[in-house]
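Some notes on the structure that comes next.
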Amino acid sequence: MKVYNDALQPLKDYLHITNASDDKNILSLLETSHTTLQRWCGSFDLDNQEGKQLVFDYVRYMRAGASEYFYKNFESQISSFGFSLMEVSSDDEISTKE
């Protein structure tokens, strides 16, 4: 849970939240958002700026009660991010004949 504690203040800054009264709920939303995006895109840490931004935006949608619109509104970013996380092994690389 430490990884989420480290991301709490940057998330609160992003959401313009100045009090600590809702920290437990925000941490729960942060964990849910990260877990969901990892299921959609693949594993990533919150050190990944693109992934972290998607997580923060998903939390923003959940707090607004609009989570059902997130995937549709961010579909291209989610797909692009998922592809960027894919690893290609040397066996899968396309070889060119010269």
Side-chain angles (χ1 to χ4, degrees):
M1 189 60 123
K2 181 182 181 333
V3 66
Y4 298 118
N5 286 329
D6 292 345
L8 178 61
Q9 190 56 52
L11 175 58
K12 288 174 63 175
D13 292 344
Y14 178 69
L15 298 173
H16 305 288
I17 298 171
T18 57
N19 60 52
S21 63
D22 206 21
D23 283 3
K24 186 176 179 181
N25 182 50
I26 294 169
L27 278 171
S28 176
L29 294 175
L30 180 60
E31 183 176 9
T32 299
S33 176
H34 187 220
T35 300
T36 301
L37 281 158
Q38 286 188 101
R39 186 171 21 98
W40 290 342
C41 301
S43 183
F44 66 95
D45 293 327
L46 291 178
D47 293 338
N48 182 307
Q49 292 302 309
E50 187 177 1
K52 181 167 77 172
Q53 186 62 53
L54 283 169
V55 168
F56 283 14
D57 284 326
Y58 194 27
V59 170
R60 180 172 56 90
Y61 270 63
M62 286 190 286
R63 282 183 48 86
S67 60
E68 66 271 18
Y69 300 109
F70 177 78
Y71 189 87
K72 181 180 181 212
N73 290 344
F74 285 84
E75 187 173 5
S76 64
Q77 292 94 326
I78 292 166
S79 295
S80 175
F81 181 57
F83 284 125
S84 76
L85 295 176
M86 293 176 68
E87 293 182 18
V88 177
S89 70
S90 60
D91 294 339
D92 293 338
E93 291 181 12
I94 299 173
S95 62
T96 58
K97 295 182 180 181
E98 297 184 30

Without placing hydrogens or testing angles, list every side-chain donor-acceptor pair under 3.5 Å for residues 35-42, not counting sequence neighbours.
residue, atom, partner, partner atom, Å
T35, OG1, E31, O, 2.9
T36, OG1, T32, O, 2.9
Q38, OE1, S43, OG, 3.3
Q38, OE1, F44, N, 3.3

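- Every residue meeting the side-chain contact (heavy atoms from CB on, under 4.5 Å) condition with D23, not counting sequence neighbours, appears here in chain and number order: L8, K12, A20.
- Atom CG of residue D22 and atom CD1 of residue I17 lie 6.5 Å apart, to the nearest 0.5 angstrom.
- Y69 is linked by a ring-ring contact (aromatic ring centres under 6.0 Å, His included) to nothing, counting only residues two or more places apart in sequence or in another chain.
- Under the rule for a side-chain hydrogen bond (donor to acceptor under 3.5 Å, both in side chains), T18 has no partner lying at least two apart in sequence or in another chain.
- Here the closest non-hydrogen pair linking P10 and A7 is CD-O, 3.3 Å.
- When all heavy atoms are compared, the tightest approach of E50 to Q77 is OE2-O, 4.3 Å.
- The heavy-atom pair separating L46 from K52 by the smallest distance is O-CD, 3.4 Å.
- Between S21 atom OG and I26 atom CD1 the span is 8.0 Å, to the nearest 0.5 Å.
- Here the rule is side chain to side chain donor-acceptor pair (under 3.5 Å) with Q9, and of D13, N5, D6 only D13 fits it.
- Using a distance-only test at 3.5 Å, with no hydrogens or angles considered, no donor-acceptor pair links the side chain of S33 to the main chain of L30.
- The ring-ring contact (aromatic ring centres under 6.0 Å, His included) test applied to F70 returns Y58, Y61, F74, not counting sequence neighbours.
- A distance of 11.5 Å separates CG of L54 from CD of Q49, quoted to the nearest 0.5 Å.
- When the side-chain hydrogen bond (donor to acceptor under 3.5 Å, both in side chains) test is applied to D47, no partner is found at least two apart in sequence or on another chain.
- Between E75 and I78, the closest side-chain pair of non-hydrogen atoms is not below 4.5 Å.
- Here the options are L15, V55, L11, L29, the test is side chain to side chain contact (heavy atoms under 4.5 Å, CB included), and the partner is R60; only L15 passes.
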